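Below is one structure; the comments refer to it alone.
Side chains are part of it too, since the values below use all heavy atoms of this structure and drop only hydrogens, waters and symmetry mates. Predicted, not measured: the structure shown is a model, and the values here were computed from it. Lettering of chains follows the sequences in order, A, B, ..., and the numbering in each one begins at 1.
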There are 2 protein chains.
Amino acid sequence: MSEIKSDTGPNLPHPADDEIQLAKVLFALSDPGRLELVRQLQEAPLEAARCHLTDPEIPKSTKSHQMKVLREAGVIRNEPHGRGRLLSLRREALERRFPGLLEAVLGAL
Amino acid sequence: MSEIKSDTGPNLPHPADDEIQLAKVLFALSDPGRLELVRQLQEAPLEAARCHLTDPEIPKSTKSHQMKVLREAGVIRNEPHGRGRLLSLRREALERRFPGLLEAVLGAL
DNA sequence: CTCATGGTTCGAATATAGTTGAACTATCGG
DNA sequence: CCGATAGTTCAACTATATTCGAACCATGAG
């Protein structure tokens with residue numbers, strides 16, 4: 001056991017709060033599959049392996065790609081967690097940057 | 001002069017209020033150029049010829065295409081007006097369908 | 001009617017995005 | 001250490017979007 005944060009580990013790059021761009025966020029959310037994933041993170045962070053229940057046939061590489069688009073847009077965080085990954089919504093960052101946006105998107109039918 | 005609405009005229013198709021889809025709206029707004037156009041319609045409707053798309057060098061066919069994407073998504077209305085077209089934001093429809101969304105997007109820096 | 005203005009549409013080229021298998025990496029349990 | 005699990009990355013392919021010239025169409029002015 002070690003408390004040292006492994007630099008060599010699978011720590012993926014995330015944009016800083018103030019680097020999050022509106023256009024990229026809107027684009028990331030403009031896909032039904034990605035939007036669905038975001039909805040699943042509404043209540044609480046989720047292990048990647050536990051979401052996307054709707055389509056169990058999707059290859060993991062495809063799923064990984066969708067997570068990447070959301071992560072690079074600054075919509076979700078993707079961190080190591082046990083032998084998998086923990087996905088979470090970047091609520092605070094998005095709210096600070098684009099107040100009301102996430103709520104409006106998630107609130108829609 | 002005639003009060004008859006010409007059916008043969010350039011009346012373009014618009015989605016009905018309840019046919020407006022979130023994903024398409026978000027996609028339409030995810031382009032900086034289109035977003036800029038939408039911002040110009042914030043205050044009041046505008047003749048298409050009067051809204052300069054940041055780049056004055058943009059060919060009219062390209063500009064027409066951008067208007068089409070926004071129109072088909074249900075973001076703007078595009079109606080005949082004199083020898084040109086009048087563009088307007090579909091505020092009410094968007095507000096009814098996705099409350100707060102437009103405000104959040106336009107309010108962003 | 002004719003012309004200039006302001007736009008739409010079409011088609012072809014280009015650019016960007018999505019999909020997927022295979023190879024690779026990290027972690028945990030035994 | 002080994003195998004299983006979970007996910008990323010890469011490369012090739014397919015699909016969708018964007019761009020823009022050229023042709024076309026409607027309106028208003030003269």
Side-chain angles (χ1 to χ4, degrees), chain A residues 1-14 23-37 45-53 55-73 76-88, chain B residues 1-14 23-24 26-37 45-73 76-88:
Chain A
M1 128 161 187
S2 163
E3 292 301 328
I4 301 168
K5 286 177 184 171
S6 65
D7 265 351
T8 58
N11 287 315
L12 303 171
H14 293 72
K24 287 189 179 178
V25 170
L26 295 177
F27 180 79
L29 296 175
S30 73
D31 175 79
R34 289 192 294 256
L35 190 52
E36 168 62 21
L37 209 177
L46 220 55
E47 295 166 58
R50 305 283 176 277
C51 29
H52 238 235
L53 311 156
D55 243 319
E57 308 270 320
I58 293 179
K60 52 185 182 175
S61 55
T62 300
K63 187 173 162 184
S64 187
H65 169 70
Q66 304 285 45
M67 293 191 285
K68 181 180 184 179
V69 173
L70 287 166
R71 171 176 53 82
E72 291 182 335
I76 67 173
R77 213 175 340 236
N78 180 339
E79 311 167 291
H81 180 70
R83 62 184 159 258
R85 320 278 313 174
L86 187 69
L87 304 183
S88 54
Chain B
M1 128 169 187
S2 165
E3 292 301 328
I4 302 168
K5 287 176 184 170
S6 65
D7 264 351
T8 57
N11 286 316
L12 303 171
H14 293 72
K24 288 188 179 178
L26 295 177
F27 179 80
L29 296 175
S30 73
D31 176 79
R34 289 192 293 257
L35 190 54
E36 169 61 23
L37 210 177
L46 220 55
E47 295 166 57
R50 305 286 174 277
C51 34
H52 46 69
L53 265 271
T54 43
D55 217 334
E57 312 255 324
I58 294 178
K60 51 185 183 175
S61 56
T62 299
K63 188 173 164 185
S64 186
H65 169 71
Q66 304 284 46
M67 294 190 285
K68 182 180 184 179
V69 173
L70 287 166
R71 171 176 52 82
E72 291 182 335
I76 68 173
R77 208 168 344 211
N78 179 340
E79 312 167 290
H81 180 67
R83 62 185 154 246
R85 320 280 311 176
L86 187 69
L87 304 184
S88 54

What's the closest nucleotide to the [X] side chain, out of [options]?
| X | options | value |
| --- | --- | --- |
| B:Ala49 | D:dA17, C:dG6, D:dG21 | C:dG6 |
| B:Lys60 | C:dT8, C:dA17, C:dT20 | C:dT8 |
| B:His65 | D:dT19, D:dA17, C:dT9 | D:dT19 |
| B:Pro59 | C:dT9, C:dT8, D:dC20 | D:dC20 |

So what does B:Arg50 hit on the nucleic acid, given a heavy-atom distance under 4.0 Å: a base, only sugar-phosphate, or nothing?
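Answer is nothing: B:Arg50 stays at 4.0 Å or more from every strand.
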Please give, in whole Å, the distance from [N] [atom2] to [X] [atom1]?
| X | N | atom1 | atom2 | value |
| --- | --- | --- | --- | --- |
| A:Asp31 | C:dT16 | CG | P | 19 Å |
| A:Asn11 | C:dT25 | CG | C1' | 13 Å |
| A:Lys68 | C:dT19 | NZ | P | 14 Å |
| B:Glu57 | D:dT19 | CD | C1' | 15 Å |
| A:Lys63 | D:dT5 | NZ | P | 15 Å |
| B:Leu70 | D:dA17 | CG | P | 14 Å |
| A:Leu37 | C:dG18 | CG | P | 14 Å |
| B:Glu79 | C:dG6 | CD | C1' | 16 Å |

Where the side chain of A:Arg71 meets the backbone of A:Asn78, is there a donor-acceptor pair that is under 3.5 Å apart?
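Absent.
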Got a donor-acceptor contact below 3.5 angstrom from the A:His14 side chain to the A:Leu12 backbone?
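Answer holds: yes.
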Closest non-hydrogen atoms of B:Lys24 and B:Ala73, given as atom of the first, atom of the second and distance, are O-CB, 3.5 Å
Tell me the closest heavy-atom pair linking A:Leu86 and A:Glu47, and the distance in Å.
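In this case the closest contact between A:Leu86 and A:Glu47 is CD1-N, 3.9 Å.
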Would you say [X] places a side-chain N or O within less than 4.0 Å of OP1 or OP2 belonging to [N]?
| X | N | answer |
| --- | --- | --- |
| A:Arg85 | C:dT27 | no |
| B:Arg83 | D:dC25 | no |
| A:Thr62 | C:dT20 | yes |
| A:Gln66 | C:dA17 | no |
| A:Asn78 | D:dG7 | no |

From A:Ser64 atom OG to A:Arg85 atom CZ, the distance as rounded to the nearest 0.5 Å
8.5 Å
Does any donor-acceptor pair link the side chain of B:Ser64 with the base of C:dG7 at a separation under 3.5 Å?
no
When you match A:Gly84 and B:Gly84 each to their closest nucleotide on DNA chain C, which lands nearer the 5' end?
B:Gly84
Using the side chain to side chain contact (heavy atoms under 4.5 Å, CB included) rule, pick out the option among A:Ile76, A:Val25, A:Asp31, A:Leu35 that qualifies with A:Leu70.
A:Ile76
For A:Ser61 and B:Phe27, take the nucleotide of DNA chain D holding the closest heavy atom to each; which residue's nucleotide lies nearer the 5' end?
A:Ser61
